[in-house]
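One structure is given below, encoded as structure tokens.
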Amino acid sequence: MNVIHGFPTVTTYSNTTWPGYTTFWYGFSEMWNKIQPSWQHMKDYMDFVGRNQWVLQQGTPKVDLAFYLYKSAGSYVEEYNSTNLRDLGTCPS
Amino acid sequence: MVFIGGAPNQSYPTDPKNQDALNSAMKELLTGPNIYHADSVEQLTSLLVEIGVKPRVAVNCSTGPLYSMWRSSGYTEYVYFFNDQNDDVACTAVITVSGVVPYIYNAWTGSQSLLLQYRATDTTLSVPLALKSNESVIVALQHDATPPKCTFPSTSGAIQSLKVSSGRVQAVITGPVTLTSFNGKTSRFKSSAPEPTNLTTWDLVIEDWHSAPDRFAVQTEITNHTLNNITLIPWNQLDASLNPVAGIGHYITHFTVPAFTANSTNVVGILKLPLIQNTARVFLDGEWLDPIDPVNPILTLQGLKTGKEYELRVDISTTLFNRIKAEANETLIVGRVAGKEQPSYNTRPYLGYGLVGSVVLEWGQVVDVPC
């Protein structure tokens with residue numbers, strides 16, 4: 001799922017100056033609306049995301065290996081701390 | 001199924017009856033067919049090799065994170081590749097599939113192009129992969145599609161693209177190339193294109209986005225700054241007074257298509273931009289061209305005429321960081337001061353906005369390739 005975050009109002013807001021309402025008091029970037037200069041190019045990037053998302057939601061996934069990482073269901077626990085599978089994905093000789 | 005480390009051994013409820021039932025079930029499970037055990041994750045790879053489990057998509061580009069994702073819709077198999085690292089990669093991907101026709105789906109433009117450069121066996125498809133850092137590509141494998149009349153398992157040299165157009169196989173070449181078709185026919189081409197053109201001098205109009213005089217009105221006003229005959233360095237290196245400026249930069253230059261050593265009526269220009277910092281769009285004689293991948297910003301300019309002058313415009317956007325940094329103590333969100341809430345406005349220097357780096361036009365021509 002992709003979320004445009006934050007996407008605040010471009011109207012005036014209590015005790016708030018240009019560039020307008022900004023979530024988390026400038027703690028995080030960016031705000032996405034027409035006050036952001038790149039907004040006028042945004043269709044290019046949203047279409048790119050949309051096309052990729054369409055492909056990645058087609059049919060059913062085919063996976064080589066499925067992992068049951070039971071420890072990380074309720075907390076942040078790294079259970080597979082190796083790149084050996086990535087290294088194994090080489091072309092068959 | 002592979003158990004790594006210990007198998008589950010604690011029942012719930014924790015009474016003897018349930019514990020016995022669990023012990024019995026696990027003993028039966030662990031001795032069943034296709035059930036394996038490895039002491040640690042480090043043993044998993046050798047075990048997979050031993051039992052013959054291989055990836056559906058095998059790549060030998062690098063040991064870095066080059067990922068693939070496979071979606072199967074019945075009519076089409078989609079393989080999405082993403083190069084999730086700082087290094088570029090170039091190699092062959094071997095896909096375990098048969099009876100399909102491969103296409104490249106371009107997520108930036110929406111185009112769907114027959115892939116002609118691949119090698120097929122009864123069980124696999126080998127396709128070339130070349131991805132810049134953070135670049136992605138979609139390979140679509142269509143069942144029940146008409147295969148191309150000609151494929152080229154072996155190609156070398158300066159091939160920019162190889163496509164079917166109006167029923168003909170056409171290559172865009174920028175230098176000598178060799179192509180060998182599936183039936184063994186080898187074709188060699190030399191390009192009559194001149195040396196690339198470096199576009200080093202530009203006129204620049206910067207839209208400086210800032211607040212209207214009444215800051216609480218939340219209205220954007222734009223002041224233009226015009227600089228002529230500039231090179232492609234950051235705005236604040238062109239003029240230090242541009243430090244607080246953020247917004248849109250309109251870069252304009254002109255080029256004349258040089259003569260080719262031999263007559264060529266199918267001239268193309270391969271426009272290579274530097275890495276795009278934020279967003280960009282390109283216009284040729286005022287016409288907007290295709291969306292650009294910021295990590296591989298290359299556009300093909302088609303149908304050019306030698307001797308003709310063209311106007312090239314590149315629009316780039318910036319974030320608002322520099323402007324807010326300059327006015328951080330006057331910028332409020334529900335009464336809270338941006339400069340006090342976000343230390344970065346004090347600690348980070350002004351950013352070097354702009355179209356920064358080299359812009360090169362590489363010249364090429366379209367040739368018909370026999371099968």
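Letters A, B, ... are given to chains in the order of the sequence lines, protein chains preceding strands, and every chain is numbered from 1.
Using a 4.5 Å cut-off between heavy atoms, B:T109 touches chain A through its backbone atoms (N, CA, C, O) alone. For a residue to count as touching a neighbouring chain, one of its non-hydrogen atoms must lie under 4.5 Å from one of that chain's; by this rule A:T11 touches chain B with the backbone only. Using a 4.5 Å cut-off between heavy atoms, B:A217 contacts chain A through its backbone alone, with no side-chain atom that close. For chain B, the nearby part of A:L65 is the side chain; its heavy atoms alone come within less than 4.5 Å. With a 4.5 angstrom heavy-atom cutoff, A:V63 touches chain B only via backbone atoms. Looking at B:N106, only its backbone comes within 4.5 Å of chain A, counting heavy atoms on both sides. Both the backbone and the side chain of A:Q40 come within contact range of chain B, each with at least one heavy atom under 4.5 Å from a heavy atom of that chain. Of the two parts of B:P65, the backbone and the side chain both hold a non-hydrogen atom closer than 4.5 Å to a non-hydrogen atom of chain A. For A:W54, the part sitting under 4.5 Å from any heavy atom of chain B is the side chain, from C-beta outward, and nothing else. If you measure heavy-atom distances from B:A246 to chain A, you find no contacts under 4.5 Å at all. Interface remark: B:E207 contributes no atoms to any contact with chain A (heavy atom separation under 4.5 Å). Interface residue A:E30: only side-chain heavy atoms are found under 4.5 Å from chain B. In this structure, chain A has a heavy atom under 4.5 Å from the side chain of B:V49, while its backbone stays farther away. Of the two parts of A:S14, only the backbone, made up of N, CA, C and O, holds a non-hydrogen atom closer than 4.5 Å to a non-hydrogen atom of chain B.
Counting heavy-atom pairs under 4.5 Å between each of B:Q342, B:R281, B:E341 and chain A puts B:R281 at the top. Between chain A and the options B:Y345, B:W108, B:F216, B:F321, the largest number of non-hydrogen pairs under 4.5 Å is found for B:W108. Heavy-atom pairs under 4.5 Å with chain A were tallied for B:S344, B:A212, B:A338; the largest tally goes to B:A338. Interface summary for chain A: among B:A107, B:S73, B:G64, B:G74, the most heavy-atom pairs under 4.5 angstrom belong to B:A107. Per-residue heavy-atom pair counts under 4.5 Å with chain B were compared for A:M31, A:M42, A:H41, A:Q36, and the maximum is reached by A:H41. Per-residue counts of heavy-atom pairs under 4.5 Å with chain A were compared for B:M1, B:E327, B:M69, B:H210; the largest is that of B:H210. Of all the listed residues (B:T318, B:T220, B:I292), the one sharing the greatest number of non-hydrogen pairs under 4.5 Å with chain A is B:T220. Annotation: maximal heavy-atom pairing with chain B below 4.5 Å, among A:L56, A:N81, A:T83, occurs at A:L56.
Here the side chains of B:D84 and B:L66 are not in contact, with every heavy-atom distance at 4.5 Å or above. Between B:V218 and A:I35, the closest side-chain pair of non-hydrogen atoms falls below 4.5 Å. The side-chain heavy atoms of B:V337 and B:L332, taken from C-beta on, include a pair separated by under 4.5 Å.
Between the side chains of A:T17 and B:E330, no donor-acceptor pair is found at a separation under 3.5 Å. Side-chain contact of B:Q142 with B:T76: a donor-acceptor pair under 3.5 Å is absent, judged by distance alone. No donor-acceptor contact under 3.5 angstrom links the side chains of B:E135 and B:N83, judged on distance only.
Between B:R56 and A:D64 there is a salt bridge, since a side-chain N of the basic residue sits under 4.0 Å from a carboxylate O of the acidic one.
Both the sub-6.0 Å distance and the 45° axial angle are not jointly satisfied by B:R323 relative to the ring of B:W209. In this structure, B:R215 is not positioned above the aromatic face of A:W18 in the sense of NZ or CZ being under 6.0 Å from the six-membered ring centre and within 45° of the axis. Annotation: cation-pi pair B:R313/B:F283 present, NZ/CZ under 6.0 Å from the ring centroid and within 45° of its normal.
Atom OH of B:Y75 is surrounded by 12 or fewer heavy atoms from other residues, nucleotides or ligands within 6.0 Å. Around OH of A:Y13, the count of heavy atoms belonging to other residues, nucleotides or ligands within 6.0 Å does not exceed 12.
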Original post:
Going through the distances and angles, do B:S317 and B:T279 end up as a side chain to side chain donor-acceptor pair (under 3.5 Å)?
Top reply: CA-CA 5 Å; B:S317 72; B:T279 68; 2.4 Å; yes

